[in-house]
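Reading through the structure tokens given below for one structure.
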4 protein chains.
Amino acid sequence: MTGTARSKRADARRNEQTLLDAAAAVFVSSGVDAPVRAIAKKAGVGMGTIYRHFPTRADLIVAVYRHQVEACVEAAPRLLREAATPYAALTRWVDQFVDFLATKHGLAGVMQSSSADFEALHKYFLERLVPVCAELLTAAVESGEVHQHVEAYSLMRGIGNLCVFADGDARYDPGRMTRLLLAGLTQPDLADPG
Amino acid sequence: MTGTARSKRADARRNEQTLLDAAAAVFVSSGVDAPVRAIAKKAGVGMGTIYRHFPTRADLIVAVYRHQVEACVEAAPRLLREAATPYAALTRWVDQFVDFLATKHGLAGVMQSSSADFEALHKYFLERLVPVCAELLTAAVESGEVHQHVEAYSLMRGIGNLCVFADGDARYDPGRMTRLLLAGLTQPDLADPG
Amino acid sequence: MTGTARSKRADARRNEQTLLDAAAAVFVSSGVDAPVRAIAKKAGVGMGTIYRHFPTRADLIVAVYRHQVEACVEAAPRLLREAATPYAALTRWVDQFVDFLATKHGLAGVMQSSSADFEALHKYFLERLVPVCAELLTAAVESGEVHQHVEAYSLMRGIGNLCVFADGDARYDPGRMTRLLLAGLTQPDLADPG
Amino acid sequence: MTGTARSKRADARRNEQTLLDAAAAVFVSSGVDAPVRAIAKKAGVGMGTIYRHFPTRADLIVAVYRHQVEACVEAAPRLLREAATPYAALTRWVDQFVDFLATKHGLAGVMQSSSADFEALHKYFLERLVPVCAELLTAAVESGEVHQHVEAYSLMRGIGNLCVFADGDARYDPGRMTRLLLAGLTQPDLADPG
DNA sequence: TATGAATGAGCATTCATTCAT
DNA sequence: CATGAATGAATGCTCATTCAT
């Protein structure tokens with residue numbers, strides 16, 4: 001009995017992983033808005049299977065990226081310990097996030113979408129990442145490295161945006177751009193030119 | 001005959017302006033992805049008329065925003081003359097561009113898109129703006145204000161990205177973000193934390 | 001110009017009639033819930049054409065049956081004038097309505113549905129028919145022929161129900177049943193058997 | 001062995017009752033068209049179990065309502081004995097049937113349906129009830145109370161129809177309507193108004 | 001040249017039914 | 001025998017695009 005249940009669960013889990021892999025692949029090539037049919041086809045399953053495992057698209061997207069988001073969350077304390085300074089930790093943390101996000105076609109957009117369909121996704125990303133970012137940011141302010149005030153939410157949004165449409169364009173380097181953005185934070189004051 | 005032809009052309013021009021005004025209005029309320037039908041209705045013309053004047057959506061979007069893009073292009077020399085420094089000119093130029101872009105629901109996204117559908121749009125924006133941006137950037141480098149090397153193309157893309165999904169989110173300020181990005185350019189060196 | 005417009009309108013009108021005929025035919029064979037695709041196919045048009053002419057299913061159903069409903073509405077005064085008594089007028093009016101309704105597979109059901117989708121339909125049928133029925137009923141009460149009190153709404157619902165699933169069953173005669181129902185109204189009192 | 005078999009059968013019966021109770025509950029809240037999944041969930045069993053016990057939905061519906069249908073069947077002789085007259089017995093019998101049917105969301109509709117899916121259901125209801133109704137009707141004719149000729153089949157269909165869409169509409173009373181229908185049967189003659 | 005009716009591909013979603021475990 | 005995961009047909013609806021008038 002337990003054996004049967006266990007093997008079924010194992011099957012389902014295996015299948016779920018197949019789904020997540022397929023979805024990840026399709027998201028890369030067609031964006032996170034890719035047709036459910038396309039994902040199902042890639043995974044070699046029926047559409048119903050997708051809906052069974054992930055009732056909403058937001059659920060699927062969260063599931064696809066959860067590991068990497070959690071990895072970001074978990075990386076922060078370590079970076080804060082290991083990096084030379086809080087600002088260095090922030091920089092490396094942002095690097096990691098950018099490495100994750102830059103190739104996820106459309107994720108940045110949907111991650112901050114206010115559409116009801118993506119409510120859960122929006123919440124998940126922000127709830128997990130904003131506090132971590134805030135911690136790093138605060139530490140960097142307190143260490144005297146960051147002089148500009150920016151809300152963690154706003155910074156995350158900016159970083160997310162810098163990653164939009166980044167894949168497939170060799171001439172655009174989101175990592176470089178985020179580094180510059182962070183460098184801007186260290187500026188004592190921004191002269192007002194107008 | 002000439003008179004008729006002339007007045008016909010005048011008619012056509014008037015007509016086209018009506019179209020552009022209508023499109024601009026609809027773009028504001030429904031984004032640049034708004035159904036052609038909606039634009040035609042707003043303009044009080046048939047859909048065929050829109051297709052006649054603007055075969056692709058990219059053509060229409062370019063036409064709608066051409067004036068403002070050209071205004072950006074033309075503003076650069078003046079800013080370079082009038083601003084206290086080249087960097088100040090660059091900053092004010094970027095401000096102007098952001099003011100334009102940030103409120104155009106969906107424009108930033110579509111402008112950056114590498115989708116074949118928006119090829120023309122993408123090209124137009126970059127062809128017009130990148131050289132101007134390059135000029136300002138070069139001047140700011142030469143004045144010793146900007147220390148970081150960045151291609152104008154890359155910077156334009158970054159600025160454009162910072163404007164994505166900006167409207168409707170009171171907590172995110174694309175102007176502030178672009179200022180920080182530009183501030184990053186003035187940094188003598190970016191310590192490598194990893 | 002007028003000519004062109006006129007011919008277009010004529011085309012559209014012709015087309016609309018084709019649509020209504022097709023819908024009526026499909027409603028008979030498959031009920032008023034028939035797939036839009038089926039109606040479109042029967043009419044030899046694309047689905048979009050259906051949606052263009054009749055944005056909601058309720059709109060389509062109303063359009064299909066409007067003539068007959070209006071015929072019922074208009075018949076009442078004449079019947080009241082011509083029939084021997086108000087009760088006779090009521091009877092003949094109900095006969096006419098039953099003749100209309102009995103073959104309209106599913107119409108009775110949807111006509112009284114409280115579903116939001118059929119709101120318009122529901123309202124149309126009841127707003128048109130209940131007042132007429134009330135008039136006939138009142139007259140028959142005042143003439144001393146009808147002794148049982150029944151709201152016109154309730155009677156219409158009952159008559160409608162008696163027509164459900166009537167087509168295709170030779171052994172069930174909704175006309176006969178409604179006659180009996182009406183005959184019940186003339187009864188001075190209903191003994192209470194329990 | 002016998003003991004095991006017996007207890008297995010007892011188990012099965014218990015199980016089946018659980019299913020029926022669950023189905024009845026779901027039918028009340030979601031109608032007799034409720035998804036199989038919902039019923040299985042309510043019963044705490046897999047969907048396969050439902051299919052094993054009741055291969056078609058009609059089988060399930062029949063099983064759910066069999067007791068009440070049989071109660072109707074069995075009530076007739078008693079009513080015929082106890083009621084003041086055969087017509088009174090008929091009236092009370094119909095009342096009982098209406099009380100049963102009117103609150104079974106969708107049952108009346110499906111019971112009357114000639115759809116192949118519900119063939120078995122349709123047949124069961126009519127085969128059980130028509131003979132009983134015929135008996136009551138004949139008695140009432142013979143007692144001189146009923147003057148109108150109606151086949152029991154036709155009457156049952158009419159009564160069933162009067163119960164359609166009855167729940168959820170406070171302004172429609174199927175009991176009242178069936179009483180009127182029966183009252184119509186007592187009428188000596190129906191004048192032909194045309 | 002302008003109009004807008006018509007087309008139909010494309011996508012989301014639900015659920016009856018089957019069958020491997 | 002029971003379970004419930006998987007399948008995929010069915011259906012509603014939108015909108016870009018074409019083309020007869």
Side-chain angles (χ1 to χ4, degrees), chain A residues 1 3-16 18-19 33-41 43-53 55-57 117, chain B residues 8 11-12 15 19 33-41 43-53 55-57 117, chain C residues 1 3-16 18-19 33-41 43-53 55-57 117, chain D residues 8 11-12 15 19 33-41 43-53 55-57 117:
Chain A
M1 212 101 128
T4 305
R6 211 181 267 147
S7 68
K8 272 193 184 176
R9 261 200 299 259
D11 263 23
R13 223 177 299 129
R14 212 179 352 268
N15 215 319
E16 192 160 313
T18 304
L19 249 50
D33 291 330
V36 175
R37 265 181 183 71
I39 300 167
K41 186 171 185 182
V45 302
M47 291 171 309
T49 304
I50 308 245
Y51 282 98
R52 158 177 293 275
H53 288 272
T56 73
R57 181 175 292 267
D117 289 339
Chain B
K8 264 189 188 171
D11 267 17
N15 216 322
L19 248 50
D33 292 329
V36 176
R37 219 182 220 69
I39 301 168
K41 185 173 183 183
V45 302
M47 292 170 304
T49 304
I50 298 200
Y51 279 97
R52 165 171 303 277
H53 287 272
T56 73
R57 180 174 293 267
D117 290 340
Chain C
M1 212 109 125
T4 304
R6 211 180 267 148
S7 69
K8 271 192 184 178
R9 260 201 299 261
D11 262 22
R13 222 178 299 129
R14 211 179 352 267
N15 215 319
E16 192 160 312
T18 304
L19 249 51
D33 291 329
V36 176
R37 266 180 183 73
I39 300 168
K41 186 171 184 182
V45 303
M47 289 174 310
T49 304
I50 308 245
Y51 282 100
R52 158 178 294 275
H53 287 272
T56 73
R57 180 174 293 268
D117 289 340
Chain D
K8 266 190 188 170
D11 267 16
N15 216 321
L19 248 51
D33 292 330
V36 175
R37 218 181 220 69
I39 301 167
K41 185 173 182 181
V45 303
M47 292 169 304
T49 304
I50 297 199
Y51 279 97
R52 166 170 301 276
H53 288 273
T56 73
R57 179 175 293 268
D117 289 340

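As the structure is a prediction and not an experimental result, all values here were calculated from the model. Sequence lines set the chain letters: A, B, ... in the order given, protein chains first and strands last, and positions in each chain run from 1.
- Residue-to-nucleotide proximity on DNA chain E shows that, of D:Asp33 and A:Asp33, the 5′-proximal contact is made by A:Asp33.
- The distance between atom NE2 of C:His53 and atom C1' of E:dA6, rounded to the nearest whole Å, is 8 Å.
- Using a 4.0 Å cut-off, some side-chain N or O of B:Thr49 falls inside it from OP1 or OP2 of E:dT3.
- Atoms CZ (C:Arg52) and C1' (E:dA5) sit 5 Å apart, rounded to a whole Å.
- Rounded to whole Å, atom C1' of E:dT1 lies 10 Å from atom CG of B:Asn15.
- Residue C:Lys41 contributes atom NZ, which lies 12 Å from atom P of F:dA10 at whole-angstrom precision.
- In terms of heavy-atom proximity, C:Ile39 sits nearest to C:Ala34 at CD1-O, 4.1 Å.
- For C:Thr56, the side chain to side chain donor-acceptor pair (under 3.5 Å) partners are C:Asp59, not counting sequence neighbours.
- Pairs of Watson-Crick or G-U wobble type, with distances under 3.5 Å, assemble into runs of 3 or more in DNA chain E at these ranges: E:2-21 with F:2-21.
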Could you write out each protein N or O paired with an N or O of nucleotides 13-15 of chain E at a distance under 3.5 Å?
from, atom 1, to, atom 2, distance (Å)
E:dT13, OP2, A:Tyr51, OH, 3.1

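- Side-chain contact between D:Val45 and D:Asn15: present, with at least one pair of heavy atoms (C-beta onward) separated by less than 4.5 Å.
- Between A:Glu16 atom CD and F:dA5 atom C1' the separation is 12 Å, expressed in whole Å.
- When the nearest nucleotides of DNA chain F are assigned to A:Gly44 and B:Ala34 by heavy-atom distance, the more 5′-ward of the two goes with A:Gly44.
- Rounded to an integer number of Å, the gap from CD1 of A:Ile50 to P of F:dT7 is 10 Å.
- The two residues B:Leu19 and B:Ala43 make their nearest non-hydrogen contact at CD1-CB, 3.9 Å.
- Distance C:Ile39 CD1 to F:dC13 C1': 14 Å, rounded to the nearest Å.
- The two atoms that bring C:Arg57 and C:Asp33 nearest to each other are NH1-C, 3.5 Å, heavy atoms only.
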